[in-house]
Amino acid sequence: MQLRSATLIFSLLAAFGGNALAQSAAMPSCPAGDGASVTYPVSKKVDQQDSYFGTTIADPYRWLEDANSAETGEWVTAQNKLTQSYLGTIPERAAIKQRLTKLWNYERFSTPTKQGGRYFYSRNDGLQNQAVLYTVKKLTDEPRLLLDPNTLSTDGTVALAGTSISPNGKYLAYATSASGSDWNEWKVRDIESGKDLTDHIKWAKFSGASWTKDNKGFFYSRYDAPNEATKLADINYFQKLYFHKIGTPQSDDVLVFDRPDQKEWAFGGSTVSDDGNYLIITATQGTERKNRVFYKDLRQKNAKVVGLLEAFDASYSFIDNDGPVFFFKTDKQAPKSRVIAIDTRKPAPADWKEIVPQSAETLVAVNLINNQLVLDYLKDAQTQIKIVDLNGKLVREVALPGIGSAGGFAGKRGDTETFYSFTSFTTPATIYRYDMKSGKSTVYRQPKVDFDPNAFETRQQFFTSRDGTKVPMFIVSKKGMKLDGSNPTYLYGYGGFNISLTPSFSVANLAWVEMGGVYVMANLRGGGEYGEAWHQAGTKLNKQNVFDDFIGAAQWLVDNKVTSPSKLAIGGGSNGGLLVGAAMTQRPDLFAAAIPQVGVLDMLRFHKFTVGWGWVPDYGSSDDAEQFKALVKYSPLHNLKVGGCYPATMITTADHDDRVVPAHSFKFAAAAQAAQGGPAPVLIRIDSKAGHGAGKPTTKQIEEVADRWGFLSRSLKMTPVVAEPAKVAAQ
C-alpha cells in the first residue's frame, strides 16, 4: 500500500465534494510538530455522493464499510502497523504496562445469587482472561468450579455472556460470545456432574434465558440465522421469543411470540415470574425507554398471550407479582420513576395503585425480597438504598460505606438475605452480605489491591453549561493537587441512552492518577442520573446539549486552573466516542488529545448496520428532514475541516464489533488523517478478535490501556516517567 506524508495533506475538496460543512479553505496553517513526521497509509477516495433532502453529501470512504474486502484488510494492516510503530517509540509505555499488570493482579468476585439451595458467583484470581463460575451449598464450603470460560479458547476471547440457573438448581443455561460479538450461543450444563447436555442454541442476541417452574426448559429470544459472511454487519430485525425444552434440538423449539408486522420489536427482557405462574413478555423498540408488556398464564395449556400495557407511553419494568397483581417500576407520570401495582383483572389506569411515589431522587432499580421492596436511588449520581414494606412505608435506609455506587440486592420474595457490592473511585468492589431482618451488612469478600487509597481524593463539582443548566462531575486526583493549570487531565463522558455514570473503581483510572494525572467524569444530559427528563434533554434535536455540557466541563477545568488546553485530553466509548468526536471537531482548540473509542461517528448512516436502527429514539434519523439537519451539524465524520489543527487523536475499534461496526472508526480515521493540518498525529488502533468491549480478555484490556496512557503521556508531555510506588499496606 502506498504511503504519503501527513504534512502534504491540506486539501480534501475531492474527498467531500459538495459538502461545505467539511471544507474550510480559509483555515490557518498550523506549525510543524510531533505528528508532522508521521506518514499515513493512503486512503483512496471514491466518487460516492448521497442526496439528503436536496443536500448532497459525499462519502469518499464508503468502501471501508466492507470489512470483508481485501482492500479494507490491507488498509487495516497498514494502519495498525503505523500505530504500533508510533506507540512502540513511547518510552513510558513499558513502565505503564508493568504497573497496570501489577495493579490488575487482585482477586475479585461477583455478588452471589442463590437458586435451588445453592449459591453461585464468579471469581477472577487476578490476571485470568475471564472470570470463573463457582458454586457452593453453604457460604463456608470450599467452592466447586462449575464453568471456566478460559478453557473455551486458547487466548481468552470466548467469554461467558449470560447465565441462568433452573429453579431446582439442577441445570445451568449459559451463553458464550466469541471475539466480543453480540451473537451468543446457549448451552446447558448439569450442575452436579459438571457436564454439558446436548442442548445447543444459536443466533441469540440481547436475550436472557428464563426457566419454567418445572425445570423442563426455558424461554429465550433469537433472530433468524444471518448470512455467515456478513453476520457482523447485517441489520437485525424480527426478533422472536421461543421455548426450548431440555434434551431437544433447537429445530424443535416452540415459537411463543413474535410480531411479523413489527420488525423492530424485541423480546429479550421477557421473564417467568418467581411463582412460575406467568410469562411476562416485555416488548421494546430499539433503545426507546418506552415499552409494551404482555403476559401468558403458564398454568393453562395453550393459554393466549394477553396485552397488558400496549400504549407504548412509558417505561414499565416488572418487579414481581402477588398472584394476579403485578408490581412495576415505571416513569409513567413520574420522570424519576415510582412503583405501582396493577391488578391484571382490572388493568385500567384508573385502578392502578401507587406503592412508592416519585421522590426527589431518581429510582433506578427495585427488588422484592423478604416481602419488602429494596429501592435503589441515585442522588447526584451517588447511590442511596431504601427498604419499604409493600405499602410503601419506610423500614430503613441501608447504611453504605461511603459516597459511591452499590449494586446487587437480588433475591426472591421469601429470602431473608441478599448480597450487594459497593465501590467508589478509590474503593475496589467489596461484596457485602445483607440480613434483611436485622438490617446488618457484613463483609463477604474484600479485595486487596497494591495501592494506598488515602493518597487520593475525590470531589464532586457542579458547573454551568451553555444554557445555564447545572451539571455535576467528579474530579479524582492525588491529594494536594496544585491548581496551576499544569495537571495532565483526562475528561471522560457518555451522555446518552438514559445510562448513568456513577463512581466505580478502575485499575486503568487508578494508574492514570498514580502517573500524576487527574481523572474527571462528567454526568452529562442524555444520561439517566436525574431521570427521564434529563435523558430527553440530550436526545434527537437536543443532542447538542450533551456536547455543550462536555465542553462546559472542559472549560470549567481550564478556567479553574485544574488544567489547561495543552494538558487536557478527552475520552469516551460508543456513544461516548460520538461525544469525543463531536467535541474535538467543535472545539479543537480546547483539547490536546482525544481518544474516541468504538464510536458512533457517521451520524448519517449509523442506522444501516446491525442494531443501529435501534438508536434512532436517541439520535433521530437522516431519513427525517428536520433530524437530518441536526445530525449533519454535529456528525463527527462530516464536520472535519480541511487544514484544521486537531488534537492528537487515537481512534480505537475492533474487527468483531457488531454493535458499532468498525466502519465508523475506519472512515473517521481516513478523513481525519486527510484533514489534519496541525502538528498532532491521528492514529487508529484496530483490535483483532475483539468486539464492542464486553468479555474482553484481561490481557487485551491491559494492552489497550497501556496504549491509551502511553499515547497521552506523550501527547500531554507528562513528566516524570511512570515509577512504581513503594509497596503499601493492602486494604
Side-chain angles (χ1 to χ4, degrees), residues 33-35 37-39 77-106 124-129 155-157 428 449-452 455-456 476-478 486-490 492 505-519 566-569 571 573 592-595 597 647-654 680-690 693 696-728:
D34 184 50
S37 61
V38 175
T39 302
T77 299
Q79 291 286 352
N80 266 342
K81 183 178 179 181
L82 169 64
T83 299
Q84 293 307 316
S85 175
Y86 181 91
L87 294 172
T89 66
I90 300 173
E92 295 86 357
R93 188 190 178 283
I96 293 170
K97 182 180 177 181
Q98 183 180 15
R99 180 58 181 155
L100 281 167
T101 302
K102 187 166 187 179
L103 284 171
W104 227 294
N105 192 12
Y106 73 97
N124 191 308
D125 66 13
L127 295 177
Q128 288 177 293
N129 276 319
D155 56 4
T157 56
V449 185
D450 181 33
F451 84 109
D452 179 8
F456 307 94
V476 187
S477 67
K478 288 182 178 178
S486 67
N487 302 296
T489 299
Y490 182 69
Y492 176 85
F505 182 76
S506 161
V507 167
N509 296 335
L510 173 62
W512 171 254
V513 180
E514 278 191 348
M515 289 167 59
V518 178
Y519 176 76
S566 65
K567 294 289 186 179
L568 178 57
I595 302 184
Q597 300 168 263
T649 303
M650 186 169 71
I651 302 151
T652 69
T653 187
V682 176
L683 306 174
I684 180 168
R685 183 187 187 279
I686 306 159
D687 210 348
S688 61
K689 296 185 73 175
K696 183 173 289 189
T698 299
T699 50
K700 282 184 174 289
Q701 292 184 60
I702 292 173
E703 287 285 344
E704 183 176 349
V705 176
D707 286 349
R708 185 193 314 158
W709 295 157
F711 181 79
L712 293 187
S713 72
R714 180 167 178 173
S715 301
L716 305 184
K717 298 178 175 58
M718 294 179 68
T719 54
V721 175
V722 176
E724 185 166 326
K727 179 103 175 162
V728 297

S.K.: Can you list everything that forms a salt bridge (Lys or Arg N to Asp or Glu O under 4.0 Å) with D155? Sequence neighbours excluded, please.
M.R.: K689
S.K.: If every non-hydrogen atom of L87 is compared with every non-hydrogen atom of R93, which pair is closest and at what distance?
M.R.: O-CD, 4.0 Å
S.K.: Taking atom CD1 of I90 and atom OG of S715, what is their separation to the nearest 0.5 Å?
M.R.: 7.0 Å
S.K.: In terms of the angle between their ring planes, are Y490 and W709 parallel, tilted or perpendicular, with boundaries placed at 30° and 60°?
M.R.: perpendicular
S.K.: Enter the distance from T39:OG1 to L82:CG here, rounded to the nearest 0.5 Å.
M.R.: 8.0 Å
S.K.: Could you tell me whether a side-chain N or O of K97 sits under 3.5 Å from a main-chain N or O of E703, the two making a donor and an acceptor?
M.R.: no
S.K.: Are the side chain of N105 and the backbone N or O of G126 linked by a donor-acceptor pair below 3.5 Å?
M.R.: no
S.K.: To the nearest 0.5 Å, what is the distance between CD1 (I684) and CG (N80)?
M.R.: 8.0 Å
S.K.: Just one of R708, M515, E514 clears the side-chain contact (heavy atoms from CB on, under 4.5 Å) bar with I96, so which one?
M.R.: M515
S.K.: So, taking the atom named CD in E704 and the one named NZ in K696, what distance separates them when rounded to the nearest 0.5 Å?
M.R.: 3.5 Å
S.K.: Of all heavy-atom pairs between G517 and M718, which one has the smallest distance, and what is that distance?
M.R.: N-CE, 4.3 Å
S.K.: How close do P681 and V38 get, counting heavy atoms only, and between which atoms?
M.R.: CB-CG2, 4.2 Å
S.K.: Using modelled atom types only, decide if a donor and an acceptor are shared between the side chain of T698 and the backbone of Q128 within a distance under 3.5 Å.
M.R.: yes
S.K.: Could you state the interatomic distance from CG (D707) to CG (L712), rounded to the nearest 0.5 Å?
M.R.: 11.0 Å
S.K.: Output yes when a side-chain donor or acceptor of T699 lies under 3.5 Å from a complementary backbone atom of P697, and no otherwise.
M.R.: no
S.K.: Would I702 and L127 count as a side chain to side chain contact (heavy atoms under 4.5 Å, CB included) here? Give the steps.
M.R.: CA-CA 10 Å; I702 292 173; L127 295 177; 4.1 Å; yes
S.K.: Out of curiosity, N487 CG to K478 NZ, how far, rounded to the nearest 0.5 Å?
M.R.: 11.0 Å
S.K.: For the backbone of S688 and the side chain of K700, can you confirm whether one donor and one acceptor N or O come within less than 3.5 Å of each other?
M.R.: yes
S.K.: Of the non-hydrogen atoms in Y492 and G573, which two are nearest, and what is the gap between them?
M.R.: CE1-N, 4.4 Å
S.K.: Give the intermediate values and the outcome of salt bridge (charged side-chain N to carboxylate O under 4.0 Å, His left out) for residues D450 and R99.
M.R.: CA-CA 10 Å; D450 181 33; R99 180 58 181 155; 3.2 Å; yes
S.K.: Nearest heavy-atom pair of P91 and T89: which atoms, and what distance?
M.R.: CD-O, 3.2 Å
S.K.: Apply ring-ring contact (aromatic ring centres under 6.0 Å, His included) to the pair F456 and Y519, showing each step before the final yes or no.
M.R.: CA-CA 11 Å; F456 307 94; Y519 176 76; over 10 Å; no
S.K.: Do the numbers put R685 on top of the ring of F711, so that NZ or CZ is under 6.0 Å from the six-membered ring centre and no more than 45° off the axis?
M.R.: no
S.K.: With a 4.5 Å heavy-atom cut-off, do N509 and V476 have their side chains touching?
M.R.: no
S.K.: Should T652 and D687 be marked as a side chain to side chain contact (heavy atoms under 4.5 Å, CB included) after you check the CA-CA gap, both sets of side-chain angles, and the distance that decides it?
M.R.: CA-CA 8 Å; T652 69; D687 210 348; over 6 Å; no
S.K.: Considering non-hydrogen atoms only, spot the tightest contact between A592 and K567 and give its length.
M.R.: CB-N, 4.3 Å
S.K.: List the residues meeting side-chain hydrogen bond (donor to acceptor under 3.5 Å, both in side chains) with Q84, not counting sequence neighbours, and say none if there are none.
M.R.: none
S.K.: Between Y86 and M650, is the side chain to side chain contact (heavy atoms under 4.5 Å, CB included) condition met? List the steps.
M.R.: CA-CA 11 Å; Y86 181 91; M650 186 169 71; over 6 Å; no
